[in-house]
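Step one of this worksheet: look at the structure below.
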Amino acid sequence: ESFGKAAASSGDYVQFAKSPSLNPAGKPITVEAWVSVTRPQGVVIARGGPTDGFAIHLRQGKPVFSVRSDFKLAEIEGSGRIVGGWHHLAAVLTENKEMRLFVDGELVAEGKAEGLLKSDPAQPMEIGADGQTAVGEYQSPNGLTGVVDEVRLYFEGFSADRIKARYESATELADSAVLAVSFDDGSARDMSLSRNNGTLLGSVSPFEGKVGQGVRFTGSKKAAKN
């Protein structure tokens with residue numbers, strides 16, 4: 001595989017401002033990213049807080065998908081640790097409130113959410129930390145230590161077969177992403193039609209990514225010890 005350069009941030013995160021095209025209220029969700037982490041905790045991607053929101057994060061090295069609907073939290077957790085090496089993470093919330101978590105194309109956990117998100121969260125979307133108030137059972141910002149690359153967000157609930165094909169063939173799930181960030185030019189430019197460009201907060205420097213460039217986080221001293 002061809003590995004390129006990525007970008008580095010000192011305990012900070014990538015932030016995407018609120019916009020109508022990123023409103024997840026009442027919608028199914030698929031969120032995916034490539035990650036290579038060196039510490040067993042931290043937020044990969046999060047949007048929202050204790051009222052409504054969703055997040056993929058690590059707890060004791062295991063991936064967790066959290067969905068908060070009208071204050072009620074549902075979490076599903078994979079059984080295997082993913083610290084070290086590159087892994088593809090994908091989380092799906094279907095129209096029927098079904099939650100599914102995939103690692104490297106394989107279903108590792110499933111469950112049921114209390115509901116779809118009831119409101120458009122006040123908090124912006126972030127990669128590498130949950131900078132304001134926590135979606136899941138962790139202490140904000142719960143900074144990640146490692147590299148994140150190829151982030152995608154869809155307001156569709158893709159099937160297990162589609163997720164597996166995405167991992168195996170590297171073809172895009174669909175052309176309907178509301179956020180598609182590759183970091184290949186060293187910025188958090190959104191390649192989707194929504195153009196929800198993000199901001200790299202903190203010092204940034206090149207680093208190897210999974211595909212071209214990505215973003216490297218050095219974690220946060222305030223990260224939850226779990």
Side-chain angles (χ1 to χ4, degrees), residues 1-4 6 14 16 19-37 43-48 53-58 63-67 76 78 82 85-113 116-117 125-128 135 147-185 187-198 209-215:
E1 294 175 352
S2 105
F3 288 21
V14 182
F16 300 84
S19 78
S21 60
L22 286 177
N23 181 359
K27 299 169 185 172
I29 293 167
T30 296
V31 59
E32 60 162 329
W34 279 95
V35 300
S36 177
V37 297
V43 171
V44 177
I45 186 165
R47 172 75 203 282
F54 62 90
I56 300 178
H57 55 103
L58 269 67
V64 181
F65 178 35
S66 299
V67 174
I76 57 175
I82 60 163
W86 282 102
H87 295 282
H88 181 258
L89 300 181
V92 178
L93 173 65
T94 72
E95 289 182 355
N96 298 322
K97 305 183 293 183
E98 294 165 345
M99 296 170 63
R100 301 187 185 113
L101 180 61
F102 299 85
V103 175
D104 297 337
E106 299 296 328
L107 180 68
V108 296
E110 53 188 331
K112 198 100 172 179
L116 302 179
L117 275 65
M125 188 163 73
E126 289 151 350
I127 298 170
V135 175
V147 185
V148 179
D149 200 2
E150 300 296 317
V151 174
R152 305 285 187 270
L153 173 66
Y154 299 87
F155 291 140
E156 300 174 57
F158 289 103
S159 69
D161 287 345
R162 294 281 291 279
I163 299 292
K164 190 174 183 67
R166 165 68 172 145
Y167 167 71
E168 290 179 342
S169 66
T171 54
E172 297 291 332
L173 279 167
D175 58 6
S176 53
V178 294
L179 186 73
V181 184
S182 70
F183 305 108
D184 284 344
D185 63 358
S187 77
R189 187 158 57 102
D190 178 17
M191 305 300 290
S192 81
L193 295 177
S194 301
R195 296 292 186 261
N196 292 302
N197 296 330
K210 171 64 179 175
V211 182
Q213 300 185 28
V215 173

- Query: Between the main-chain N or O of Asp184 and the side-chain N or O of Ser182, is there a donor-acceptor pair closer than 3.5 Å?
  - Reply: yes
- Message: In the structure I gave you, are the side-chain heavy atoms of Phe16 and Ile127 within less than 4.5 Å of one another anywhere?
- Response: yes
- Task: Answer yes or no: is there an ion pair linking Glu106 with Lys164, defined by an N-O contact shorter than 4.0 Å?
- Result: yes
- Message: In the structure I gave you, are the side-chain heavy atoms of Ile45 and Met125 within less than 4.5 Å of one another anywhere?
- Response: yes
- Looking only at non-hydrogen atoms, find the nearest pair between His87 and Ile82 and report the distance. CD2-O, 3.3 Å
- Side-chain donor-acceptor pair under 3.5 Å between Asp161 and Ser159, yes or no? no
- Item | Gly209 versus Trp86, closest heavy-atom pair with distance | C-CZ2, 3.5 Å
- Message: Quick check: do Val67 and Met99 have side-chain heavy atoms less than 4.5 Å from each other?
- Response: yes
- Item | Main-chain N/O of Val181 paired with Asp190 side-chain donor or acceptor, under 3.5 Å | no
- Item | Cationic N near anionic O, under 4.0 Å, Glu150 to Lys210 | no
- Task: Take Val31 and Val44, measure what side-chain contact (heavy atoms from CB on, under 4.5 Å) needs, and give me the verdict at the end.
- Result: CA-CA 10 Å; Val31 59; Val44 177; over 6 Å; no
- Task: Output yes when a side-chain donor or acceptor of Arg166 lies under 3.5 Å from a complementary backbone atom of Thr171, and no otherwise.
- Result: yes
- Task: Without swapping roles, check the side chain of Thr30 against the backbone of Glu156 for a donor-acceptor pair under 3.5 Å.
- Result: yes
- Spacing of Thr94 atom OG1 and Ile29 atom CD1 [to the nearest 0.5 Å]: 10.5 Å
- Heavy-atom closest contact (Val151 atom, Ala33 atom, distance): CG2-CB, 3.9 Å
- Once you round to the nearest 0.5 Å, how far does CZ of Arg152 lie from CZ of Phe158? 12.0 Å
- Note on the structure: For Ala174 and Tyr154, the nearest pair of non-hydrogen atoms, with its separation, is O-OH, 3.3 Å
- Note on the structure: Interatomic distance, CG@Leu117 vs CG@Asn23, rounded to 0.5 Å, equals 9.0 Å
